Amino acid sequence: MSEQGIVTDIQRGSLRDGPGIRTTIFLKGCPLRCLWCHNPEAISPRPQLFFTEDRCVRCGACAWACPKDVHQVRSGSHEIDFGKCDSCALCVDECNSNGLRIVGKAMDVDAIMAEVMADMDFYLNSGGGVTLSGGEPLFQHSFSLEILRRSQQAHIHTCVETSGFVAPAKFEAVLPAVDLLLFDYKATTDEDHRSFTGVSNQQILVNLDAAYQLGKAIILRCPIIPGLNDTTDHFRGIRALDQKYPRLRGIELMPYHDFGNSKRPSIGLAETPLDLRVPGETEPNRWLEALAELGCAKVRIG
Amino acid sequence: MTKIDDFSMELKFTETYRRNLSEHIALREARCLQVQFPATLGTIQEGDRLAGRTQWGWVGFSPHNAPPNCAYGYFCHEQKIIEAVERGNIPLEQRDGVMEMLHFWKKENSKAKVEAAFTPKMLPVLFRDEIVPLPYNFKPMIAQPIYRMAGVFVDYQKLVRLGLPGLRQEVTEYRDKAKASGGDHLLFEGMLLAIQVLADTCTHFQKQAEQQARACPDPQRVGQLNQLAEVLGWNAARKPETFYEALQLSWLYTLVSGSLELGRMDVYLGDLYVNDVEQGVITEDEALSLMRSLWKLINQLFRDVDGRIIIGGRGRPNEANADQFALLALETTRTYGKAILPQLTLRFYEGMNPRLMEQALALIGEGHTFPLLYNDDVLVPGVANAYEVSREAAEQYMPLGCGEIVLDHVGFGTPSGSLNVLKALDVTLRDGVDHIMGKRLGLPTGELRDFHTFGDFFAAYKKQLAFFIEILADHEELEYVESGKQAPYLYLSLLYDDCLPRGKAIFSGGIRYLGGSLESFGTVNAADSLTAIKKLVFEDKLISADRLLQALNANFAGFEKERHLMVNCPKYGNDDAYADDIMVELHDFICNTVRDQRKRTNLDWYLNVLINNKQNTILGRWVGATADGRRAGGPMANANTPAGGNDKKGITALINSIVKPSHAIHAGAVQNMRFGYDFFSKDKEKLEATLATYFKKGGAQAMITVINKGDLEKALVEPEKYQDVFVRIGGFSARYVDLPRDVQLEILSRKTY
Ligand code: SF4
Ligand code: SF4
């Protein structure tokens with residue numbers, strides 16, 4: 001059997017994760033803890049229970065099925081002790097309302113490649129290909145590497161959406177198999193980076209530099225969160241990178257959205273303590289203007 | 001309401017028919033036509049640049065364009081007549097006559113003639129005399145006869161080439177030959193009278209235009225009316241020599257012949273159009289204004305499922321000129337404003353002038369539902385195979401109404417029956433008995449529990465399907481035979497190939513190919529149901545046969561677990577071989593069985609069509625809960641589009657699935673793709689790549705709607721504000737807010753990309 005990994009989702013006919021029509025594979029597990037995380041269910045590397053409260057009719061079937069006593073269903077409430085759950089899926093099969101599912105499924109590379117290859121004609125006609133996303137796709141390093149290598153052997157364009165927070169040796173090992181990097185740039189100072197994401201940015205910048213020096217195609221992706229990093233200093237930092245790396249393919253600003261928050265209780269995470277503000281409709285344009293004033297020309301809204 | 005309650009035309013028509021009962025059917029029809037026209041012609045209205053409106057009577061003759069619920073041929077609208085009787089303002093001297101007329105047509109109308117000839121095998125399966133207004137006209141039947149002679153595509157090119165005098169001359173020569181050789185010369189006499197009716201129609205409108213011009217205070221309008229009168233007068237006596245004349249003549253032929261299709265306009269009008277523009281006879285703006293007038297007439301005369309104008313594609317003799325006209329037609333649709341008709345249809349192939357497709361996509365992107373897209377690279381070889389004709393003949397394929405395909409003026413193939421594929425599965429589970437009516441409809445092939453393997457069960461289902469298909473094929477043949485006995489359909493016989501040289505009427509051995517088609521509905525739900533039965537009952541044995549039946553009978557009440565299992569079975573539309581293979585097997589079986597009916601009957605072809613109109617919803621109302629998890633009475637999926645919301649893997653997987661069923665064994669399949677506006681505006685290149693890939697992979701056809709779900713949801717709440725939201729329901733485009741609620745919800749449940 002080929003290498004196995006944990007996949008949260010495979011999205012075919014994807015339009016937003018690189019050029020052309022793509023198949024995006026979302027891999028589970030991420031070492032960062034961004035305050036604005038919009039995929040909290042992709043953080044843990046293991047499969048986990050996901051509860052959609054809207055659909056629950058409080059029938060109690062899951063409580064009967066669960067050997068670990070995870071579900072407490074009463075007339076007006078359904079409490080879940082996520083800590084006790086071992087993701088055996090017994091309750092999922094019993095829920096007729098599709099209220100429960102397990103996020104994250106073990107798949108081997110063969111199965112993934114079969115799905116990837118099915119859309120070959122679409123990649124050819126649109127200049128698309130495969131994108132690895134996450135979580136942090138390089139967290140499952142050897143699994144990612146094998147998907148990328150096998151795609152490349154099949155002449156499929158490969159793209160990796162990464163935080164760059166990977167051991168440099170591992171990062172450099174995947175680079176030959178990557179055609180395009182969508183590389184996150186979240187904060188300019190190390191201090192900010194630590195406070196926003198929980199990790200230092202030093203290793204990330206080393207990796208970015210290594211990829212650039214190797215001549216890799218890179219698009220910088222900058223999540224902009226009002227109140228956190230919509231600052232002149234950070235915009236200057238973006239501009240500085242732009243100047244330092246003139247061959248960057250593009251810089252995309254990714255306006256914050258709060259979809260992630262609603263998913264937190266579904267996997268047993270506490271509500272986020274921060275009240276982050278979603279940018280208004282015209283706000284992103286102002287960021288663009290600010291960056292343009294600094295001389296940054298290749299920036300656009302992602 | 002004086003017009004409606006004055007039955008003088010109807011009485012005279014009836015009297016003429018009766019007086020000519022023992023006359024040759026061609027003379028009888030011609031004399032009836034003389035009563036019908038110009039009596040039922042409407043008036044030229046303000047702004048009309050073309051003449052040609054009608055107000056049908058409640059008794060009359062028309063192959064297809066009879067008033068709704070009147071069937072076809074010699075028709076009599078009993079319901080309207082009885083309503084008039086009840087209103088009580090029929091002129092005194094007409095009253096007895098009207099009742100007598102009603103009784104006379106009961107047995108004599110064309111539909112009744114077919115029904116009277118039903119074979120013993122048809123009697124218990126096809127119901128009779130049940131026409132009531134939509135949406136109730138469908139009883140819980142599996143096989144449903146349809147009465148009409150739809151898809152009239154006459155040889156407009158010949159009409160334009162010869163004009164009325166040329167046609168008259170040709171028919172006269174045939175008449176003389178027939179007379180000399182002892183052939184059926186009276187058929188030709190009838191045709192000559194019919195040509196005269198058309199000439200009289202021209203003159204009638206000419207006079208009307210002149211009269212209006214005299215009374216009109218606006219000098220610009222006077223100029224237009226005089227020009228129109230001239231064009232009409234010219235057509236009455238001479239062959240058309242300008243674009244304007246040809247356009248007017250072809251429209252009057254459509255109107256008087258009772259056709260609802262306009263055919264390859266770019267072929268028959270392209271040369272004159274380009275010539276006139278080049279010679280300065282007409283400006284492009286002027287041509288556009290004439291075309292918009294035609295669009296208006298079509299919208300007022302036709303019904304939502306018809307009105308095909310076909311542009312582009314292979315097999316056009318003067319392609320460059322035709323392309324110019326095609327661009328004009330696209331521009332007409334763009335500037336006319338969003339409308340239900342005409343169903344402008346773009347045929348395309350690799351290597352065709354790319355401007356046509358560019359313009360087409362631009363229109364669709366603006367929210368127009370037209371043009372519909374047909375891929376010649378797939379359809380021409382497909383039609384050649386399905387119809388067993390040469391490639392060259394196949395190049396003249398024409399999609400009609402909802403998407404059935406016929407061959408331009410050489411082959412006729414009205415869809416005269418519909419098959420509820422899902423309901424046939426319903427009865428196969430229950431020994432051939434319909435559990436809703438408690439009545440046997442199908443063959444006694446056993447109950448689900450009697451089958452030991454899935455293969456056995458599928459075989460029994462196929463046997464049931466074949467039983468209904470044979471009856472519908474026999475019915476199609478019968479419809480032609482009886483129609484031919486009663487009338488020669490003169491305007492069709494005049495302009496369908498081979499009728500004149502053979503000296504025979506279209507349905508009596510005149511036409512080169514007499515075919516037919518069967519509209520099938522519910523195949524996708526049936527395939528998904530089969531998949532669930534195979535997996536749950538026979539393979540994984542998670543639900544017993546009896547329990548499955550109990551769950552379906554109970555419409556899943558108390559069987560939520562079972563329904564959950566059914567819903568989670570693989571479904572067609574996700575590029576999943578388990579489900580798609582069953583769909584392909586079922587599709588192939590139905591198409592091939594239908595196609596084989598030519599061996600049993602005298603039809604030159606008989607082919608399945610997978611179209612979608614409202615029938616998927618209407619027929620679904622009479623189908624119980626099904627094993628794909630669909631609840632009782634719920635809509636069935638459209639054509640071979642996955643059932644609402646079942647395609648979960650994205651558009652590429654959907655496309656991979658929908659190109660699997662073969663396109664070379666049927667007479668047309670409709671593929672809806674509704675794209676969200678965002679996709680169109682922001683990802684245009686990716687959309688184009690998606691469509692290009694779909695067509696390259698064997699996609700035959702696409703009906704594209706650009707709309708977002710939010711629009712439709714809001715339209716449900718505030719319909720008055722969303723009058724302009726148009727959606728395609730497969731075969732036609734409809735104002736969303738005008739649709740029945742369950743049709744609206746079904747559309748809403750489809751996926752938007
Ligand atoms: S089985 Fe599903 S619907 Fe029932 S209580 Fe559990 S989560 Fe809710
Ligand atoms: S997945 Fe297994 S352990 Fe977790 S809640 Fe469901 S039944 Fe209990």
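Numbers restart at 1 for each chain; the letters A, B, ... are given by sequence-line order, proteins then strands. None of these values were measured; they are calculated from a predicted model.
- B:Asn656 is not listed as a side-chain neighbour of A:Asp121, based on a closest heavy-atom distance of 4.5 Å or more.
- Interface remark: of the candidates A:Ser126, A:Gly128, A:Ala118, A:Ala118 forms the most heavy-atom pairs closer than 4.5 Å to chain B.
- Proximity to chain B (any heavy atom under 4.5 Å) is shown, for A:Cys59, by neither the backbone nor the side chain.
- Here the CG atom belonging to A:Asn98 is positioned 5.0 Å from the NE2 atom belonging to B:His564, to the nearest 0.5 angstrom.
- The two residues B:Ala653 and A:Asp119 make their nearest non-hydrogen contact at N-OD1, 4.5 Å.
- When each of A:Ser97, A:Gly127, A:Gly20, A:Gly13 is scored by its heavy-atom pairs under 4.5 Å with chain B, the top score falls to A:Gly20.
- Note that OG1 of B:Thr652 is 12.5 Å distant from CZ of A:Arg22, once rounded to the nearest 0.5 Å.
- Minimum interatomic distance between B:Thr690 and A:Phe122 (heavy atoms only, all atoms of both residues): O-CE2, 4.1 Å.
- Residue A:Arg249 places its CZ atom among 12 or fewer non-hydrogen atoms of other residues, nucleotides or ligands, all under 6.0 Å distant.
- Summarising the local packing, NZ of A:Lys68 is surrounded by 12 or fewer heavy atoms from other residues, nucleotides or ligands at distances under 6.0 Å.
- Of the two parts of A:Glu115, only the side chain, counted from C-beta on, holds a non-hydrogen atom closer than 4.5 Å to a non-hydrogen atom of chain B.
- The CG atom of A:Leu15 sits 12.0 Å away from the CD atom of B:Glu685 when rounded to the nearest 0.5 Å.
- With sequence neighbours left out, A:Glu252 forms a side-chain contact (heavy atoms from CB on, under 4.5 Å) with A:Ile219, A:Arg221, A:Met254, A:Arg300.
- The CG atom of B:Leu565 sits 8.0 Å away from atom CG of A:Asn96, with the distance rounded to the nearest 0.5 Å.
- By a heavy-atom distance cut of under 4.5 Å, B:Glu560, B:Lys561 are the residues of residues 532-563 of chain B near chain A, going up by number.
- Atom-to-atom distance recorded for A:Ile21:CD1 and B:Thr693:OG1 is 5.5 Å, nearest 0.5 angstrom.
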